[in-house]
There are 2 protein chains.
Amino acid sequence: MAWDTEGTRRRLREAALAEFAARGLDGTTVGSIAERAGVNKERLYSYFGDKRALWELVLATELERLASAVALTGVSLSDIGEFAGATYDYHAAHPELGRLLQWEGLQGGPPVDALGRTAHYREKVSRFAAAQLEGRLDADLDPAHLVFALIALAAWWQTVPQLAEMVTGAAPDDLRERDRRRRFVVDAARRLASPTA
Amino acid sequence: MAWDTEGTRRRLREAALAEFAARGLDGTTVGSIAERAGVNKERLYSYFGDKRALWELVLATELERLASAVALTGVSLSDIGEFAGATYDYHAAHPELGRLLQWEGLQGGPPVDALGRTAHYREKVSRFAAAQLEGRLDADLDPAHLVFALIALAAWWQTVPQLAEMVTGAAPDDLRERDRRRRFVVDAARRLASPTA
DNA sequence: CAGGTTACCAACGCTGCGGTTGGAATCAGC
DNA sequence: GCTGATTCCAACCGCAGCGTTGGTAACCTG
């Protein structure tokens, strides 16, 4: 059979994303990644170094993808509800990233690309602070806390799906419920951020 | 040395709680639990069966503890903000439970004691629904979604502490910041739930 | 087509972990 | 203090998983 080095690299990365999201860094075996990719596991070592290096590559790639996806939507802070809704959409459409981040959080140690991510969030926070000065957000709120809470609202559903199922009683693949959740998130974000009397 | 069967049992359970919370079911080794307990690992098998059985026992115990702790506080729904605050306090004081639940959620499979937990949450939801009828909560909100969002607000900080650190810039053990977060949670819960014009 | 290089794989070494076992130390009853 | 039961542990077994190695087959250059 003909060779396809770029293809095997890609297949390994995709297989790694699926396996890592499902089972975490320690939980996935190099063999299972190779098997899913239809490739000998030695390829993984020659291409990516070792399991951890591949993990960091996959995680960094997904973070990059999120950043560019958010940038593309062009959603500004003019409607904080839609901002939360877009974040909800992204996590609902790409549950892998949320799971990767959760595994990373649980397994401890410094986050991958801590500096870049910190800068990203701090920038978001400063935009919220600017919106406060314009009176579009309640001035009593700590903008960092608000950003954090919006992420919580948007991501929590994917983070603890079993809890969501127990609380709401909805099946995991209920599209109607997904839509209702989105509307709730949008509404809740507005309630959180709007200036009150 | 004299024997202390109840003591070794307890030491094993405590060691298991710490190790499981830190590394999850698959990540912790039976040897590490035994070593932390200062006991031979064979004791674990004769007392608890195997690793998974001990995991389920530990998780069920912590859930029980949370249930009785919440019941003891006597916090009703009269002030939904304080309700969220109490939940925040519990998770801040007992981060192990949150981590156990997170590991459980990630590793998939049916939750431990799914029926009991579902009943617990559904009961909470029905109380919120009753509060809606009395006009103390906004009638437009789905009470299940509201319950879920309150848990998100209270638990998210412990769930993704690295994210919290990146967004807020606060050190993990900053007590002042912890207190500010609590006030934010209480305030945010009230904003979420209050009837609006 | 000859020689060298590159992509690939089957099979292996080794370590670490879940679970077991055989026996030693401690206790309780007499 | 003797006997049987109970608690405890050091050592072991089997296996799974990470990372490597020796070798084969496809490609490239002349």
Side-chain angles (χ1 to χ4, degrees), chain A residues 1-60 99-100 103-104 106-109 112, chain B residues 1-61 99-100 103-104 106-110 112:
Chain A
M1 192 178 65
W3 288 346
D4 177 16
T5 72
E6 217 44 51
T8 57
R9 278 184 94 101
R10 185 180 42 75
R11 294 222 302 277
L12 276 170
R13 282 211 315 273
E14 290 171 359
L17 171 59
E19 292 287 324
F20 282 145
R23 284 178 256 285
L25 170 58
D26 293 333
T28 80
T29 74
V30 174
S32 73
I33 296 175
E35 190 177 357
R36 181 188 279 255
V39 156
N40 189 279
K41 68 179 172 158
E42 178 269 352
R43 290 289 79 202
L44 189 153
Y45 290 97
S46 80
Y47 281 146
F48 303 105
D50 63 0
K51 189 167 77 159
R52 170 159 248 116
L54 181 54
W55 160 268
E56 290 177 4
L57 175 68
V58 165
L59 184 48
R99 291 181 60 95
L100 289 179
W103 287 116
E104 186 196 30
L106 280 175
Q107 79 196 18
V112 171
Chain B
M1 192 178 64
W3 288 347
D4 178 15
T5 73
E6 218 44 50
T8 56
R9 278 184 93 100
R10 184 181 41 76
R11 294 222 302 277
L12 276 171
R13 282 211 316 272
E14 290 171 359
L17 171 60
E19 292 287 324
F20 282 145
R23 284 178 254 286
L25 170 59
D26 294 333
T28 80
T29 74
V30 174
S32 72
I33 296 175
E35 190 177 356
R36 181 187 280 253
V39 155
N40 188 278
K41 67 177 173 161
E42 178 270 352
R43 290 288 80 202
L44 188 153
Y45 290 97
S46 80
Y47 280 147
F48 302 103
D50 63 0
K51 188 166 78 159
R52 170 158 248 117
L54 180 54
W55 160 268
E56 290 177 4
L57 175 68
V58 164
L59 184 48
T61 302
R99 290 182 61 94
L100 289 180
W103 287 115
E104 185 198 30
L106 280 175
Q107 78 196 19
V112 170

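Values below: all heavy atoms of this structure, side chains included; hydrogens, waters and symmetry mates excluded. All of these numbers come straight from a predicted model, not from anything done at the bench.
For the atom pair CD of A/Glu35 and CD1 of A/Ile33, the computed distance is 11.5 Å after rounding to the nearest 0.5 Å. Rounded to the nearest 0.5 Å, atoms CZ (B/Arg23) and OG1 (B/Thr29) are 8.0 Å apart. If you take CG on B/Leu17 and CG on B/Leu12, they are separated by 12.5 Å, rounding to the nearest 0.5 Å. Note that the CG atom of B/Leu44 and the CZ atom of B/Arg13 stand 12.0 Å from one another [nearest 0.5 Å]. The distance from atom CZ of A/Arg43 to atom CG of A/Asn40, rounded to the nearest 0.5 Å, is 8.0 Å.
For the pair A/Leu25/A/Trp103, no side-chain contact is recorded, criterion being any heavy-atom separation below 4.5 Å from C-beta on. Proximity of B/Val30 to B/Asp50: side-chain heavy atoms (C-beta onward) are nowhere separated by under 4.5 Å. The side-chain heavy atoms of B/Asp26 and A/Asp26, taken from C-beta on, include no pair separated by under 4.5 Å.
Between A/Tyr47 and C/dC8, a side-chain N or O to OP1/OP2 separation shorter than 4.0 Å is present. Taking side-chain N and O atoms only, B/Thr29 has no distance below 4.0 Å to OP1 or OP2 of C/dG16. Using a 4.0 Å cut-off, no side-chain N or O of A/Thr5 falls inside it from OP1 or OP2 of C/dT6.
Backbone-only contact: B/Thr8 has heavy atoms under 4.0 Å from sugar-phosphate atoms and none from a base. Across all strands shown, B/Thr28 has heavy atoms under 4.0 Å from sugar-phosphate atoms exclusively, and none from any base.
Between the CG atom of A/Asp26 and the C1' atom of C/dG16 there is a distance of 13 Å, given to the nearest Å. In this structure, CZ of A/Arg9 is placed 14 Å from C1' of C/dT6, rounded to the nearest angstrom. Straight-line distance from the CG atom of B/Leu44 to the P atom of C/dC17: 15 Å, rounded to whole Å. Here the P atom of nucleotide D/dC18 and the CH2 atom of A/Trp55 are 14 Å apart, to the nearest Å. One interatomic measurement links the two molecules: CZ of B/Arg11 to P of D/dT7, which rounds to 15 Å at whole-angstrom precision. B/Asp50 has its CG atom 14 Å from the C1' atom of C/dC17, to the nearest Å. The CG atom of B/Leu12 sits 13 Å away from the C1' atom of D/dT7 (whole-angstrom rounding). Separating the CD atom of A/Glu6 from the P atom of C/dT6 is a distance of 16 Å, rounded to the nearest angstrom.
The side chain of B/Tyr45 has C/dG18 as its nearest neighbour among C/dG18, D/dC9, D/dG19. In the set D/dC8, D/dC27, D/dC18, the nucleotide with an atom closest to the side chain of A/Lys51 is D/dC18. Here C/dC9 is the nucleotide among C/dC9, D/dC18, C/dC8 with the atom lying nearest to any side-chain atom of A/Val39. Nearest nucleotide to the side chain of B/Arg43, out of D/dC8, D/dG19, C/dC8: D/dC8.
Counting only residues at least two apart or in different chains, ring-ring contact (aromatic ring centres under 6.0 Å, His included) contacts with residues 17-54 of chain A comprise A/Phe20-A/Trp55.
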Would you tabulate the nitrogen or oxygen pairs shorter than 3.5 Å linking the protein to nucleotides 11-14 of chain D?
none

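The residues A/Glu14 and A/Arg10 are annotated as salt-bridged, a charged nitrogen and a carboxylate oxygen being separated by less than 4.0 angstrom.
Contact check of residues 15-23 of chain A against DNA chain D (heavy atom, cut-off under 4.0 Å) returns no residues at all.
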